[in-house]
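Whatever order the structure lists ligands and atoms in, that order sets their numbers, starting from 1. We're numbering straight along the sequence, starting at 1.
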Amino acid sequence: MCGIVGYVGNKNAQDFLISGLKRLEYRGYDSAGIVTLDTDGGATLLRAKGKISNLEEKLAENKREDKIGIGHTRWATHGEPSEANAHPHRAGAIYLVHNGIIENYKELKEHLTEHEFKSETDTEVLAALVNSFYAEGKYPLTNAVVQALKLVKGTYGIAVVSTKNPEEIVVARSGSPLVIGVGHDETLIASDASALVGHTKQAIYLNDGEVARITKNSVEIKTLNAEPVSAKVEEIETNLAAIQKGGYEHFLLKEIMEQPLSLAETLRGRVNLEQGTVRLGGPGLSEAELRKIKHLIIVGCGTAYHAGLLASYYIEQFTPEITVETVIASEYRYRNAYIPEDSVALIVSQSGETADTLACLREIKKQGTKTIGIVNAIGSTIAREVDGGTYVHVGPEISVASTKAFTSQVIAMVMFGLTIAQAKGAKPGTLRPYVEEIAKLPEMIGKTLQSVDKKVQKISKKYKNYEHAIYLGRDIAYPTAMEGALKLKEISYVDANAYAFGELKHGPLALIDDRFFELALVPEGALYDKAISNVQEVLARGGHMIVVTNTDFALEVDDVIEIPGEIKLFAPILMNLVSQLFAYYMTTAKGYNVDQPRNLAKSVTVE
Ligand code: M6R
């Protein structure tokens with residue numbers, strides 16, 4: 001969603017702001033803007049609807065040598081995407097950028113009669129509110145920001161500058177991330193550490209309820225109640241290669257193809273093949289605590305939810321003494337659900353910033369339930385607020401469509417399930433097959449990607465003009481089908497939905513006609529014959545069927561994509577690679593923007 005950058009130092013601020021905003025493009029946006037300040041009380045404000053390249057066109061005619069500035073990519077919430085609604089917003093001497101939503105902006109606006117509003121945004125209301133405390137020297141900038149924020153309801157990450165003091169930036173956060181990069185004679189800010197990579201490795205992650213005054217050589221943090229906070233400087237682990245395309249045409253293809261490595265990172269130091277066991281340090285639960293667990297709640301949105309659903313099928317297979325419920329965060333946060341004693345909640349999020357997932361985490365914590373994060377982004381809000389956690393360590397995932405995170409989330413949760421089963425004294429030998437396959441998966445993912453790539457590319461082109469798709473699967477293949485359908489719809493805009501095979505005759509079978517194609521995931525296993533009957537039901541009604549399988553498939557269907565047969569238990573993970581490639585190639589064949597699909601954002605920080 002929206003992105004924030006800021007710079008104060010000795011270098012050209014415009015250069016950093018533009019390059020920083022480009023790093024944040026992946027989050028999704030529809031307009032962008034920057035403002036820089038000179039030392040004579042002047043400001044250069046540039047804003048443009050659409051891509052950052054539009055902003056760069058304006059920049060070409062407005063090059064400045066200013067050493068301080070703030071910038072923003074906006075994902076519209078209040079008011080359409082337009083230049084007037086793009087940030088920074090100005091009120092008097094103040095310029096302000098904002099991520100999040102000011103819920104009581106209408107009420108606040110009524111009192112700000114002296115300001116002439118030029119946009120439809122809640123952000124301009126916040127700028128005017130800060131200015132109402134700042135104008136005429138009533139408060140220094142930091143205090144003016146604090147006074148304003150005390151009146152605000154909602155979420156924000158903000159950066160504010162004033163032409164009256166072109167040496168300081170004031171930032172604050174509540175529910176929307178902000179990172180301060182500490183350099184030599186320069187201080188940088190960003191809503192996402194990836195914008196800082198290559199500039200500094202030292203970062204301070206602001207906490208909710210904190211406000212910081214930043215100059216090129218200092219960072220002073222305090223709470224909204226004026227209590228001083230001592231800044232904790234942490235290391236940014238990401239390197240430049242991880243946020244570049246590395247020779248691939250799109251981030252999505254890079255991220256699909258790097259799964260052998262990213263999963264290997266997830267497994268590093270956590271699998272003991274000799275003993276047939278796994279070990280996760282992060283959750284921080286003792287053997288006794290693990291033994292006590294009777295219920296697992298898995299919370300996530302989108303792909304993270306699907307990962308949780310798939311993991312739950314596995315955990316139920318080898319830990320029959322516990323119940324596992326996987327829930328959609330945006331629903332669960334309002335369900336008033338009773339959480340029984342001896343429950344543990346797994347909070348799953350690639351970005352660690354998803355607003356609905358974060359809200360669930362806070363609700364669940366209120367009930368006294370232990371929360372464990374399954375998170376990728378290091379230092380993210382969810383990672384910091386959970387009681388314990390396991391980072392999946394897949395590196396930055398830039399493409400909006402989540403791929404490598406899914407694979408590692410599933411396996412990390414399965415490993416958590418295995419640690420519970422180990423502690424509960426699983427029967428000897430029952431867990432070893434899972435551990436052995438997990439250890440083999442990185443290599444098999446590599447082999448599968450290699451073996452199916454060309455074929456999937458060819459087949460996806462054949463189906464590119466279909467308007468509708470149905471993804472099908474039973475048991476462990478069903479959540480995998482859901483994830484495949486999500487991938488296709490979000491980037492290729494094909495109306496793709498997933499059904500459990502057994503549900504077809506309860507309604508969806510009526511849909512089958514020539515506008516639809518069907519993609520069935522049919523792994524070898526106990527329900528194979530039943531899935532075959534279901535495939536036949538679809539064929540008998542004129543379906544156009546692609547089957548993805550890990551066994552010899554005798555039935556005549558339109559297309560068969562075979563994956564290597566060595567992996568049995570986790571075959572759906574390999575089948576999902578086919579779905580990922582299928583969505584990628586169909587989207588490139590249609591000529592759409594693969595990495596930044598319309599209307600979507602990578603990190604959904606608003607409700
Ligand atoms: O960062 P998170 O894992 O919390 O994000 C959750 C969803 O927004 C995300 O998985 C979304 O569904 C992806 N675009 C799917 O590819």
Visitor: If the threshold is 4.0 Å, N to carboxylate O, is there a salt bridge linking Arg362 and Asp208?
Guide: yes
Visitor: Nearest protein heavy atom to atom 8 (O) of ligand 1, by residue and atom, and its distance?
Guide: Val604 CG2, 4.0 Å
Visitor: I'd like to know if Arg335 and Glu325 make a salt bridge, using a cut-off of under 4.0 Å between side-chain N and carboxylate O.
Guide: yes
Visitor: Going by the atom numbers of ligand 1, which of them fall below 4.0 Å from some non-hydrogen atom of Ala401?
Guide: 16 (O)
Visitor: For atom 1 (O) of ligand 1, what is the closest protein heavy atom, and at what distance to 0.1 Å?
Guide: Ser351 OG, 2.7 Å
Visitor: Under a 4.0 angstrom heavy-atom cut-off, which atoms of ligand 1 come close to Gln350?
Guide: 1 (O), 2 (P), 3 (O), 4 (O)
Visitor: So, regarding Ser402 and ligand 1 (criterion: nitrogen or oxygen to nitrogen or oxygen, under 3.5 Å), is there a contact or not?
Guide: yes
Visitor: Ion pair present between Lys366 and Glu363, side-chain N to carboxylate O less than 4.0 angstrom?
Guide: yes
Visitor: Tell me the protein heavy atom at minimum distance from atom 5 (O) of ligand 1, and give that distance in Å.
Guide: Thr354 OG1, 3.5 Å
Visitor: As a check for students: among Gly302, Gly300, Ala307, Ala355, identify the option with a heavy atom nearest to atom 12 (O) of ligand 1.
Guide: Gly302
Visitor: Under 4.0 Å from a heavy atom of Lys487: which atoms of ligand 1 are those, numbered in the order shown and with their elements?
Guide: 15 (C), 16 (O)
Visitor: Below the 3.5 angstrom mark, is there an N/O of Ser349, backbone or side chain, next to an N/O of ligand 1?
Guide: yes
Visitor: Hey, is Glu443 close enough to Lys447 for a salt bridge, meaning N to O under 4.0 Å?
Guide: yes
Visitor: Distance to 0.1 Å, residue and atom name: give those for the protein heavy atom nearest to atom 7 (C) of ligand 1.
Guide: Cys301 O, 3.5 Å
Visitor: Taking only non-hydrogen atoms of Glu353, do any sit less than 4.0 angstrom from ligand 1?
Guide: no
Visitor: Below 30° counts as parallel, above 60° as perpendicular, anything between as tilted: where do the rings of Tyr434 and Phe570 land?
Guide: perpendicular
Visitor: If you count the non-hydrogen atoms of other residues, nucleotides and ligands that lie under 6.0 Å from CD in Gln450, is the total more than 12?
Guide: no
Visitor: If you have a sec, work out which protein heavy atom is nearest atom 10 (O) of ligand 1 and how many Å separate them, to one decimal?
Guide: Thr303 N, 3.1 Å
Visitor: For Glu237, is the CD atom crowded, meaning more than 12 foreign heavy atoms sit under 6.0 Å from it?
Guide: no
Visitor: Just verifying a value: how many Å separate Asp387 CG and Lys370 NZ, rounded to the nearest 0.5 Å?
Guide: 5.5 Å
Visitor: Would one find an N or O of Leu486, backbone or side chain, under 3.5 Å from an N or O of ligand 1?
Guide: no
Visitor: Give, for atom CG of Asp495 and atom CZ of Phe516, the distance between the pair rounded to the nearest 0.5 Å.
Guide: 6.5 Å
Visitor: Below 4.0 Å from ligand 1: does a non-hydrogen atom of Ser603 turn up there or not?
Guide: no
Visitor: Going from CD1 on Ile398 to NZ on Lys254, what distance comes out if it is rounded to the nearest 0.5 angstrom?
Guide: 7.0 Å
Visitor: Looking only at protein heavy atoms, which one is nearest to atom 16 (O) of ligand 1, and how far off is it?
Guide: Glu490 OE2, 2.3 Å
